[in-house]
Amino acid sequence: MSDQSAVVGTVTEVFPDWFSPDSRPGYAGYIVPSERMREAAGYLKNRKHFDMLTSVTSADYFPEDRIEMVYHFRRSTGGEPLRIKCFLSRVESQIDSLVDVFPGAELQEREVWDLMGVRFTGHPDLRRILTWEGFAGHPLRKDWKEPFFEDEIKPYKSRWPEGKFIRAEEKNPLGDNLCFPPGFDPESWVPDKDEILYKSMTRVAKAGEDGMDSDTIIVNLGPQHPSTHGVFRMVARLDGETVVDLKPVMGYLHRNHEKIGERNTFLGNMPFTDRLDYICSMSNNFAYALAVEKLLNIAPPERAEYIRVIMAELTRIVNHLVANGFLMNDLGAFFTPVLYSLEEREFILDFFEAASGSRMMCNYYRFGGVVRDLDENMMSMLKAILERLPRKMDELEKYLIGSEIVRIRSEGVGILTPEAAIANSATGPLLRASGVPYDLRRADPYSIYDRFDFDVCVRYHGDIYDRFMLRIDEIRQSIRILKQAVRDMPSGPVLTGKPQYQVRVPAGEAYGRVEGPKGELGFYLVSNGKTNPARYHVRAPTFINLTSLAGMSRGNKVADVVTILGSIDIVLGEVDR
Amino acid sequence: MYGLGILKGLSVTLKHFILTFVDDAKRGKGRYRSPQGIAYKQSTELSGLFTVEYPEEKLPVPEEFRYIPFLVYEEEDGEKKLRCTSCGICSKVCPPQCIYIVRTVDPETGKPVPTPAEFCIDVDICMNCGLCAEYCPFDAIKMDHDYEIASFDRMKHHVFDISRLAKPVSYYASIRPKNYKTEEDARAAKAAAKQGTASA
Ligand code: SF4
Ligand code: SF4
């Protein structure tokens with residue numbers, strides 16, 4: 001973090017009461033008084049070029065009366081993130097919103113309000129985002145307990161040695177496990193809250209060209225709609241067929257992954273991360289393993305590093321194949337392109353299955369390495385895949401990119417400018433297709449990516465077509481990395497130390513992140529020295545990329561909204577967590 | 001010319017279409033519903049149709065494939081002896097906590113006996129992560145390959161007890177020959193080392 005201290009070092013001299021270093025053992029970054037946070041953020045953005053607010057989260061330090069807001073700032077030119085914290089009281093828990101400085105904070109602050117109960121003054125639309133209106137309390141607070149609550153942490157005592165099996169339903173018959181906020185009666189409740197949602201959307205009173213007043217209408221796309229790639233809802237205000245404003249509504253798949261993660265042991269979270277973005281389980285494992293390794297201060301052996309890179313790049317290929325295939329579905333090329341993509345994906349999934357035992361829920365990474373080695377057979381399998389893929393990519397390209405329908409529907413549609421992309425904290429292909437060559441593998445290298453020769457793909461129009469093409473470019477680059485990794489892979493062990501089921505993690509905090517196929521996937525962990533994380537936060541790239549959806553959709557036709565959403569490439573398992 | 005791009009694209013689809021028939025003709029009967037046909041579908045040589053006609057055709061699962069765990073037992077003089085010592089590690093490591101173990105207690109001395117009295121897994125909750133098999137120190141619980149476990153009544157059939165979980169070592173050796181061999185070799189080496197120190 002030397003880079004950071006140089007940056008803020010000068011600040012602490014100028015404004016000694018603004019930034020004070022967080023000197024607790026295991027912690028890093030700076031603490032800012034909460035009433036100064038907005039100014040400090042503006043200062044970092046305008047004077048110190050920390051132009052991306054990548055992550056906004058919070059941690060509850062119950063029984064102490066303290067909630068910490070944790071912000072990670074980044075520079076779009078690269079470098080390590082700068083971590084800023086604000087201490088809030090659990091009772092008041094109020095802080096200025098950063099939305100007007102960093103629009104990318106919008107959805108993230110709503111999440112913090114919903115799950116942690118921190119009120120953001122000045123937020124334009126502070127409603128619950130992942131849970132519903134009849135939800136009692138803020139679940140990530142340490143004193144909040146879920147309906148089938150059994151114990152603070154796993155393993156539960158009731159499983160061994162007296163592990164009599166009881167179904168949760170029998171212990172707690174349906175109906176008895178519900179609780180509502182005070183004054184909330186589910187019987188008499190009329191779901192009227194959407195009125196607020198609808199009112200929050202821009203209205204333009206516009207006289208039509210013929211002098212007639214035309215009114216706008218609200219259209220709900222989803223949550224049950226094949227175009228939304230899962231249970232996701234878009235509320236659009238339309239003027240004729242043109243989108244005037246749009247709001248994403250999510251949370252239909254919410255299961256409070258983070259609370260589950262805080263009950264789990266460190267190791268027990270590994271298979272749970274598979275279920276976030278279920279198309280890319282390997283990269284989810286990767287990011288989580290990196291975060292815990294930072295806390296443990298261990299590094300995997302050489303061979304394991306190469307295997308990790310191989311798996312992560314294969315995952316990127318899988319993801320981009322699926323994303324592009326389904327984008328074509330949205331464009332009306334119904335299932336032919338996607339099947340061609342899936343055909344290639346199949347080989348990679350076979351490879352994953354042979355290595356990890358499962359095609360999609362891989363659970364393959366461990367702290368300090370990977371579960372098991374790749375043998376000769378598997379390496380030749382991999383080589384055969386790398387032999388075939390480039391050929392097939394050429395074919396896919398020939399099939400799709402010349403097509404006039406594809407081009408007309410995607411060129412110049414859903415434009416995201418580089419400024420807006422950075423301001424909205426967009427990451428991944430969405431950002432790079434807007435002309436910002438920002439890739440964590442180069443910008444803030446992790447693992448052994450600094451050893452490989454590859455290009456950071458970038459395209460400059462920021463439209464659907466560029467996002468589509470960028471993914472194809474990235475597949476080609478991934479193949480390049482894979483070939484180098486296969487060539488250079490050393491032999492040796494694949495795990496540091498002995499396999500341990502109960503890892504004791506030193507107290508402290510860590511933020512581990514990877515350039516996932518969809519953007520920056522980060523895990524913010526706080527450990528209090530026990531076997532379970534005290535705080536487990538997932539910085540889900542697609543959730544934050546959705547901040548840009550409204551801006552990209554305004555002014556486009558309804559039919560294009562579907563493709564714009566498809567080009568962001570969301571997975572609801574990760575958005576809703 | 002307008003539409004040329006689409007035509008070019010469609011030529012790819014046409015190629016796929018034709019290749020399917022060419023491939024069928026070339027490979028004859030063995031392409032479908034035969035082991036070599038399936039092996040071909042999994043090889044990167046594949047051209048033409050790649051869909052697998054489940055359930056008539058099934059992809060072979062690799063050795064590491066994991067689905068719902070089972071308990072390994074040894075057969076000694078016609079008696080089934082579970083390897084499990086009811087140490088409880090698997091139930092502690094299980095992320096969704098779906099393993100329930102009752103330890104056997106000697107009725108006279110009140111001391112625990114190293115075998116489970118009851119052992120059940122709620123397979124509706126099991127996430128097939130394989131951690132139990134990975135961390136069992138006695139190689140007593142292993143992941144199965146049998147993935148066709150659909151049933152009509154989940155309340156009745158989806159909590160597997162010992163009678164449903166226990167499977168012989170020979171079955172384990174048949175689905176995971178490589179793992180089995182490594183483990184047996186390690187055990188033999190350990191026993192030999194022990195004997196060596198004992199005799200020395
Ligand atoms: S299966 Fe293995 S880990 Fe589980 S109780 Fe038995 S011996 Fe222990
Ligand atoms: S496979 Fe995983 S979830 Fe299933 S019983 Fe074993 S440890 Fe538990």
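This is a predicted model, so every value here is computed, not measured. Numbers restart at 1 for each chain; the letters A, B, ... are given by sequence-line order, proteins then strands.
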S.K.: So for B:Ile6, is it side chain, backbone, both, or neither that comes closer than 4.5 Å to the heavy atoms of chain A?
M.R.: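 B:Ile6 touches chain A through backbone and side-chain heavy atoms alike.
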S.K.: Who wins among B:Ala117, B:Pro112, B:Gly130, B:Ser43 for the most heavy-atom pairs under 4.5 Å with chain A?
M.R.: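 The option with the most such pairs is B:Ser43.
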S.K.: Tell me every residue that passes side-chain contact (heavy atoms from CB on, under 4.5 Å) with B:Lys58, counting only those two or more places apart in sequence or in another chain.
M.R.: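 side-chain contact (heavy atoms from CB on, under 4.5 Å) check on B:Lys58 returns B:Tyr54, B:Tyr147, B:Glu148.
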S.K.: Atom CD of residue position B:Glu56 - does it have more than 12 heavy atoms of other residues, nucleotides or ligands inside 6.0 Å?
M.R.: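 Yes, because the 6.0 Å sphere around CD of B:Glu56 holds more than 12 heavy atoms from other groups.
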S.K.: Among A:Thr336, A:Leu267, A:Thr265, which residue forms the greatest number of heavy-atom pairs with chain B at distances under 4.5 Å?
M.R.: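 Between A:Thr336, A:Leu267, A:Thr265, the count favours A:Leu267.
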S.K.: Give the member of A:Arg263, A:Lys398, A:Glu162 that has the highest number of heavy-atom pairs under 4.5 Å with chain B.
M.R.: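 Of the options given, most contacts go to A:Lys398.
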S.K.: Counting C-beta onward and ignoring hydrogens, is there a side-chain heavy-atom pair between A:Val371 and B:Glu134 closer than 4.5 Å?
M.R.: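 Yes, side chains in contact.
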S.K.: So for atom CD, which belongs to B:Glu79, do other residues, nucleotides or ligands contribute more than 12 heavy atoms lying within a distance under 6.0 Å?
M.R.: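 No, because the 6.0 Å sphere around CD of B:Glu79 holds 12 heavy atoms or fewer from other groups.
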S.K.: Side chains of A:Leu339 and B:Phe50: closer than 4.5 Å at any heavy-atom pair?
M.R.: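 Result yes, sub-4.5 Å side-chain heavy-atom pair found.
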S.K.: Looking at B:Arg103 and A:Trp160, what are the two nearest heavy atoms and their distance?
M.R.: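 Closest heavy-atom pair between B:Arg103 and A:Trp160: NH1-CZ2, 3.5 Å.
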S.K.: Select one option (side chain, backbone, both, neither) describing which atoms of A:Asn264 are under 4.5 Å from chain B's heavy atoms.
M.R.: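 Contact with chain B: side chain only.
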S.K.: Under a 4.5 Å cut-off applied to non-hydrogen side-chain atoms, are B:Cys129 and A:Met270 in contact?
M.R.: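 The answer is no, as the side chains (C-beta and beyond) never meet within the 4.5 Å cut-off.
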S.K.: Please tell me if the side chains of B:Thr44 and A:Glu387 come closer than 4.5 Å, counting only heavy atoms from C-beta onward.
M.R.: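 B:Thr44 vs A:Glu387: side chains apart.
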S.K.: In terms of heavy-atom proximity below 4.5 Å to chain B, should A:Leu400 be classed as side chain, backbone, both, or neither?
M.R.: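 When you check distances to chain B, no heavy atom of A:Leu400 falls under 4.5 Å.
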S.K.: Which of the residues A:Gln502, A:Glu395, A:Glu346, A:Glu344 is involved in the greatest number of heavy-atom pairs with chain B at under 4.5 angstrom?
M.R.: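 Looking at each option in turn, the highest pair count goes to A:Glu395.
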S.K.: A:Leu386 versus chain B, heavy atoms under 4.5 Å apart: side chain, backbone, both or neither?
M.R.: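 Neither part; nothing is under 4.5 Å.
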S.K.: Any side-chain heavy-atom pair from A:Phe272 and B:Met127 closer than 4.5 angstrom?
M.R.: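 Yes, at least one pair of side-chain atoms sits under 4.5 Å.
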S.K.: With a 4.5 angstrom heavy-atom cut-off, could you sort out which part of B:Lys178 is near chain A: side chain, backbone, both or neither?
M.R.: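 Just the side chain, heavy atoms under 4.5 Å.
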S.K.: Under 4.5 Å heavy-atom distance to chain A, tell me which part of B:Ile125 shows up: side chain, backbone, both or neither.
M.R.: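 Interface part for B:Ile125: neither.
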S.K.: Does any heavy atom of chain B fall under 4.5 Å from the side chain of A:Arg407, the backbone, both, or neither of them?
M.R.: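 Neither the backbone nor the side chain of A:Arg407 comes within 4.5 Å of chain B.
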S.K.: Hey, is the main chain of A:Asp350 close enough, under 3.5 Å, to the side chain of B:Gln42 for a donor-acceptor pair?
M.R.: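 The answer is no, because no donor-acceptor pair under 3.5 Å joins these two groups.
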S.K.: May I ask you to decide if B:Pro95's main-chain N or O and A:Lys154's side chain share a donor-acceptor pair within less than 3.5 Å?
M.R.: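 Side chain of A:Lys154 to backbone of B:Pro95, a donor-acceptor pair under 3.5 Å: yes, one is there.
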S.K.: Less than 3.5 Å apart, any donor N or O on the side chain of B:His16 or A:Glu343 sitting next to an acceptor on the other?
M.R.: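 There is no such pair (donor and acceptor under 3.5 Å, judged by atom type) between the side chains of B:His16 and A:Glu343.
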S.K.: Pick whichever of B:Tyr67, B:Phe65, B:Tyr135 has the most heavy-atom pairs under 4.5 Å with chain A.
M.R.: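 Most pairs with chain A among the choices: B:Tyr135.
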S.K.: Could you tell me which of A:Met381, A:Lys392, A:Arg372 has the largest number of non-hydrogen atom pairs under 4.5 Å with chain B?
M.R.: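 That would be A:Arg372.
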S.K.: Given 3.5 Å as the limit, does a donor-acceptor pair link the side chain of A:Glu353 with the main chain of B:Val61, or not?
M.R.: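 Side chain of A:Glu353 to backbone of B:Val61: no pair is present.
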S.K.: Against chain B, label A:Phe347 side chain, backbone, both or neither, depending on which of its atoms sit under 4.5 Å from a heavy atom there.
M.R.: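 The side chain, not the backbone.
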S.K.: Which region of B:Met155, side chain (C-beta onward) or backbone (N, CA, C, O), has a non-hydrogen atom less than 4.5 Å from a non-hydrogen atom of chain A, or is it both or neither?
M.R.: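 Contact with chain A is through both the backbone and side chain of B:Met155.
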S.K.: When rounded to the nearest 0.5 angstrom, what is the spacing between CZ in B:Phe160 and CZ in A:Phe165?
M.R.: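 So the gap between those two atoms works out to 12.0 Å.
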S.K.: Are A:Pro271 and B:Leu131 side-chain neighbours, meaning at least one heavy-atom pair lies under 4.5 Å?
M.R.: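 Yes. Closest side-chain heavy atoms under 4.5 Å.
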S.K.: Between the main-chain N or O of B:Gly5 and the side-chain N or O of A:Glu404, is there a donor-acceptor pair closer than 3.5 Å?
M.R.: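 Yes, because the side chain of A:Glu404 sits within donor-acceptor range (under 3.5 Å) of the backbone of B:Gly5.
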S.K.: Tell me which of these, B:Lys8, B:Lys15, B:Glu63, B:Glu64, has more heavy-atom pairs under 4.5 Å with chain A than the rest.
M.R.: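 If we count pairs closer than 4.5 Å to chain A, B:Glu64 comes out on top.
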S.K.: Drop me the distance from A:Ser403's OG to B:Leu7's CG, to the nearest 0.5 angstrom.
M.R.: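 One gets 10.0 Å once the value is rounded to the nearest 0.5 Å.
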S.K.: When only heavy atoms count and the cut-off is under 4.5 Å, which of residues 84-94 of chain B reach chain A?
M.R.: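 Residues of residues 84-94 of chain B touching chain A at under 4.5 Å: B:Ser86, B:Cys87, B:Gly88, B:Ile89, B:Ser91, B:Lys92, B:Val93.
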S.K.: Counting only heavy atoms not in A:Ile405, do more than 12 fall under 6.0 Å of its CD1?
M.R.: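 At most 12 heavy atoms, drawn from other residues, nucleotides or ligands, come within 6.0 Å of this atom.
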